[in-house]
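Everything on this sheet refers to the single structure shown next.
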2 protein chains.
Amino acid sequence: MLKSLAHPSRLLIIEMLEEAPRCVGELTEAIGADITTVSKHLAVLKRAGLVRDEKHGTYSEYTLVCDCVSHMIDCIEGGMGSGDAGPMKGETVPRRKKACKASR
Amino acid sequence: MLKSLAHPSRLLIIEMLEEAPRCVGELTEAIGADITTVSKHLAVLKRAGLVRDEKHGTYSEYTLVCDCVSHMIDCIEGGMGSGDAGPMKGETVPRRKKACKASR
DNA sequence: TATATTATTGGCGTTATGACCAAGTATGTC
DNA sequence: GACATACTTGGTCATAACGCCAATAATATA
């Protein structure tokens, strides 16, 4: 589970899902990576039991499974304060691409 | 920081340090890996600001930097309950070797 | 039915991680 | 000084993770 959180894009996904459910396109736009990459990140989070997906037409709406995830993140962020060690090494910053429409 | 926690051996180290400060040999014995491997794990945790080391003679005593780490772990374990997704793939189980003496 | 939209899956190259061995450092002891 | 103990560092290899492309669902719409 920790492994699934240990990636900046996936952490961002979780944080976005704290606000509201999102479809893959929205998350992709925010992350600025290829949609296939984001889809795979979501699969990882799903396998870890952190998110759930629900199909609406051609869209996949992703949601946090429960508040405990949210609490956990708060706990981590609050607990460590400024303890961000930064990127550990060649942290990938995906090249930004065109945004998709992503409105349902 | 999350990355540094996202490894079973390092998580075990953190849990052991919650109980008491430990030297590398003790941790190595508990983990069952090569001492060089454990030393490097400790270096990772140190770089992430989770542990601190203090030299006592030939021993290096490792300690948690603060309780917040401990709290965070509790928060994670409590929060997710049985949400352990298990090893994500070829999770390395290091081959066990002779234990060192490790008593100071 | 043809086409567009949204997302997933498989494959591939690149990079990072992890485990061990060998060698080196630092300290304590004979 | 010689040796033992405790640990760290550098190197190498195997494996895992990541990111993108191509191809493939699945659904909606003209």
Side-chain angles (χ1 to χ4, degrees), chain A residues 2-13 21-29 31-48 51-62 86-104, chain B residues 2-13 21-29 31-48 51 53-62 85-104:
Chain A
L2 278 168
K3 266 188 179 170
S4 73
L5 287 179
H7 188 283
S9 297
R10 291 198 290 264
L11 209 48
L12 177 56
I13 288 171
R22 313 272 188 181
C23 69
V24 185
E26 289 174 300
L27 296 167
T28 299
E29 191 180 2
I31 290 170
D34 194 279
I35 189 172
T36 69
T37 301
V38 176
S39 183
K40 282 178 182 174
H41 280 314
L42 286 164
V44 170
L45 290 171
K46 192 174 159 188
R47 259 204 315 145
V51 304
R52 181 194 355 261
D53 68 329
E54 195 179 337
K55 301 279 160 66
H56 288 117
T58 59
Y59 291 87
S60 286
E61 188 179 70
Y62 280 84
M88 286 185 78
K89 216 174 199 174
E91 198 60 80
T92 317
V93 179
R95 35 184 152 131
R96 197 158 242 303
K97 297 187 66 176
K98 69 178 197 317
C100 70
K101 276 194 294 182
S103 55
R104 64 185 178 287
Chain B
L2 277 167
K3 267 189 179 170
S4 72
L5 287 179
H7 188 283
S9 296
R10 291 198 289 264
L11 209 50
L12 177 56
I13 288 171
R22 311 273 189 182
C23 69
V24 184
E26 288 174 300
L27 296 166
T28 299
E29 191 179 4
I31 290 170
D34 194 279
I35 190 173
T36 70
T37 301
V38 176
S39 183
K40 283 179 180 172
H41 280 314
L42 286 164
V44 170
L45 291 172
K46 191 174 161 187
R47 253 197 328 140
V51 306
D53 67 329
E54 196 180 334
K55 300 280 160 66
H56 287 118
T58 59
Y59 290 87
S60 287
E61 187 179 73
Y62 279 85
M88 286 184 79
K89 216 175 197 173
E91 197 61 81
T92 318
V93 179
R95 33 185 154 133
R96 197 159 243 303
K97 297 187 65 177
K98 68 177 196 318
C100 69
K101 278 194 295 180
S103 55
R104 60 183 183 288

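Labels below follow one simple rule: chain letters A, B, ... track the order of the sequence lines, proteins then strands, and each chain is numbered from 1.
Rounded to whole angstrom, the span from the NE2 atom of B:His41 across to the C1' atom of C:dA19 amounts to 8 Å. Rounded to an integer number of Å, the gap from NZ of B:Lys3 to P of D:dA17 is 12 Å. In this structure, CD of A:Glu54 is placed 18 Å from P of D:dA26, rounded to the nearest angstrom. Counting to the nearest Å, the C1' atom of C:dT27 and the CG atom of B:Asp53 are 15 Å from each other. We find that CG of A:Leu27 is positioned 9 Å from P of C:dA7, with the value rounded to whole Å. Across the protein-nucleic acid pair, A:Tyr59 atom OH and C:dT6 atom P stand 4 Å apart, rounded to whole Å. Per the geometry, CG belonging to A:Leu42 stands 13 Å off C1' belonging to C:dT6, to the nearest Å. Atom NZ of B:Lys46 and atom C1' of D:dT9 are 13 Å apart (whole Å).
Judged by distance alone with a 3.5 Å cut-off, a donor-acceptor contact links the side chain of A:Thr36 to the base of D:dC21. A donor-acceptor contact under 3.5 angstrom links the side-chain atoms of B:Lys40 to the base of D:dG11.
The side chain of B:Tyr62 contributes no N or O atom lying less than 4.0 Å from OP1 or OP2 of D:dA6. Distances shown here put a side-chain N or O of B:Ser39 below 4.0 Å from the OP1 or OP2 atom of D:dT8. The phosphate of C:dT6 has neither OP1 nor OP2 within less than 4.0 Å of any side-chain N or O from A:His56.
When the nucleotides D:dA6, D:dA26, C:dC21 are ranked by their closest atom to the side chain of B:Thr58, D:dA6 comes out on top. Distances were taken from every side-chain heavy atom of A:His7 (C-beta onward) to each of C:dT9, D:dG19, D:dT5; the shortest belongs to D:dG19.
Among the atoms of the strands shown, base atoms are found under 4.0 Å from some heavy atom of B:Thr37. At a threshold of 4.0 angstrom between heavy atoms, the contacts of B:Lys55 with the nucleic acid are absent.
In terms of heavy-atom proximity, B:Ser4 sits nearest to B:Leu45 at O-CD2, 3.7 Å. Across all non-hydrogen atoms, the minimal contact from A:Lys55 to A:Ser60 is CE-OG, 3.0 Å.
In terms of position on DNA chain D, the residue among B:Val38 and A:Gly57 whose nearest nucleotide sits closer to the 5' end is B:Val38. Comparing B:Ala6 and A:Ser60 against DNA chain C, the residue whose closest nucleotide sits nearer the 5' end is A:Ser60.
B:Asp53 has its side chain out of reach of B:Leu42: every pair of non-hydrogen atoms, C-beta onward, lies at least 4.5 Å apart. Counting heavy atoms from C-beta outward, B:Glu61 and B:Cys23 have side chains that stay 4.5 Å or more apart.
Side-chain N or O atoms of A:Arg22 include none that pairs as donor or acceptor with a backbone N or O of A:Thr28 at under 3.5 Å.
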